[in-house]
Engineer: 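First the structure, then my questions, so here it is.
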Amino acid sequence: MAQSPPVQGDRRRVERTALRLTATMRDGSRSRVRARVIDVSTHGCRIECTTSVDDDSWIWLSIAGLETQYCRVVWHCQEFIGLEFEKPLAEAVFERVLQDQEQLPEAAISELRNIASRTHSLARQAGDADIAILAERSRKCAVDAVVEGLRLSQPAKKRSANS
């Protein structure tokens, strides 16, 4: 019986934070394509992009407010791509990105739920090589959606308690 590949999150150096940023991705031979940053850490990020890439290839990722990042493709599965920044983000830069995205709007939380649902559906159809990766991505997006949903509702509860 074939064994599932190890889940990529087990090797992560630092925890990623869920957010939603518009970006563009480009490798040396293609024009820029739109991408969406789903989560980020000082060492890398996960994006959603319809363009196919090869593992261990290098791409340029442009995110508004940041210098263009040169990134190694660590993994890809369907339309999801895990990237490692060639040079980790400085902590101050990372904190600024998080402050700008301090609270995900309801639409972003809904998108996380949709991504979780899509990756779950893809995992059910995937071959042995991709099923564990997609299932973990689905779980992570679902958890992020719940956490961010609770975070979004927290200020309203604090305001009503102070009234």
Side-chain angles (χ1 to χ4, degrees), residues 7-28 30-120 122 133-134 136-159:
V7 175
Q8 298 295 327
D10 295 343
R11 299 187 325 218
R12 193 164 308 336
R13 285 180 248 177
V14 290
E15 194 63 29
R16 289 186 179 165
T17 302
L19 46 66
R20 185 184 74 166
L21 297 171
T22 300
T24 58
M25 181 184 81
R26 180 178 58 83
D27 69 13
R30 300 184 198 158
S31 60
R32 292 178 182 215
V33 294
R34 294 188 65 148
R36 181 173 34 187
V37 179
I38 298 170
D39 59 32
V40 68
S41 74
T42 54
H43 287 79
C45 63
R46 177 172 36 143
I47 66 171
E48 182 179 18
C49 183
T50 57
T51 298
S52 63
V53 293
D54 295 322
D55 289 353
D56 289 324
S57 61
W58 289 85
I59 60 103
W60 292 99
L61 184 70
S62 298
I63 302 170
L66 290 179
E67 287 183 13
T68 298
Q69 300 295 310
Y70 193 52
C71 308
R72 181 176 70 91
V73 176
V74 178
W75 60 266
H76 74 282
C77 192
Q78 304 288 342
E79 68 261 27
F80 301 100
I81 303 168
L83 301 172
E84 177 182 36
F85 301 139
E86 177 187 39
K87 296 177 186 172
L89 297 177
E91 196 64 39
V93 172
F94 179 67
E95 290 300 322
R96 191 190 72 212
V97 169
L98 294 183
Q99 283 177 349
D100 292 346
Q101 293 286 313
E102 191 171 311
Q103 201 169 56
L104 289 179
E106 288 184 41
I109 294 168
S110 178
E111 283 185 47
L112 280 171
R113 289 185 187 116
N114 289 338
I115 291 169
S117 178
R118 267 197 343 267
T119 53
H120 177 77
L122 290 169
I133 293 169
L134 287 166
E136 176 59 18
R137 301 298 168 241
S138 175
R139 184 200 64 76
K140 177 78 170 102
C141 283
V143 168
D144 287 346
V146 169
V147 168
E148 296 301 326
L150 291 171
R151 197 175 290 159
L152 183 64
S153 68
Q154 211 169 20
K157 288 180 182 178
K158 286 181 181 177
R159 278 195 301 266

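Please read these numbers as outputs of a predicted model, since none were measured by experiment. Just the heavy atoms: all of them, side chains too, but no hydrogens, waters or symmetry mates, feed the values below.
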Engineer: Could you check whether any side-chain heavy atom of Leu61 comes within less than 4.5 Å of a side-chain heavy atom of Cys45, counting everything from C-beta outward?
Structural biologist: yes

Engineer: How about Leu66 and Val93: do any of their side-chain heavy atoms sit closer than 4.5 Å?
Structural biologist: yes

Engineer: Between atom CE of Met25 and atom OG1 of Thr50, what is the distance when rounded to the nearest 0.5 Å?
Structural biologist: 8.0 Å

Engineer: Which residues pass the side-chain contact (heavy atoms from CB on, under 4.5 Å) test with Glu91, not counting sequence neighbours?
Structural biologist: Thr42, Phe94, Glu95

Engineer: Checking Ser57 now: which residues fulfil side-chain contact (heavy atoms from CB on, under 4.5 Å) with it, not counting sequence neighbours?
Structural biologist: Val53, Asp54, Val73

Engineer: Return the CD to CD1 distance between Gln69 and Ile59, rounded to the nearest 0.5 Å.
Structural biologist: 9.5 Å

Engineer: If you define the side chain from C-beta out and look only at heavy atoms, does anything of Leu19 sit under 4.5 Å from Val97?
Structural biologist: yes

Engineer: Under the salt bridge (Lys or Arg N to Asp or Glu O under 4.0 Å) test, which residues partner Asp27, sequence neighbours left out?
Structural biologist: Arg30

Engineer: Scan for salt bridge (charged side-chain N to carboxylate O under 4.0 Å, His left out) pairs involving residues 72-83, sequence neighbours excluded, and state none if there are none.
Structural biologist: Asp56-Arg72, Arg72-Glu84, Glu79-Arg118

Engineer: Could you note down all residue pairs passing ring-ring contact (aromatic ring centres under 6.0 Å, His included) where residues 52-71 supplies at least one of them, sequence neighbours left out?
Structural biologist: Trp58-Tyr70, Trp60-Tyr70

Engineer: I'd like to check the side chain to side chain donor-acceptor pair (under 3.5 Å) partners of Ser62; sequence neighbours left out, ordered by chain and number.
Structural biologist: Thr68

Engineer: Could you point out which residue of Ile47, Thr22, Val37 forms a side chain to side chain contact (heavy atoms under 4.5 Å, CB included) with Ile63?
Structural biologist: Val37

Engineer: For a quick test of reading the model, state the closest non-hydrogen atom pair linking Cys71 to Phe85 and the distance between them.
Structural biologist: SG-CD2, 3.5 Å

Engineer: How far apart are the closest heavy atoms of Ser41 and Leu89, and which atoms are they?
Structural biologist: O-CD1, 4.0 Å

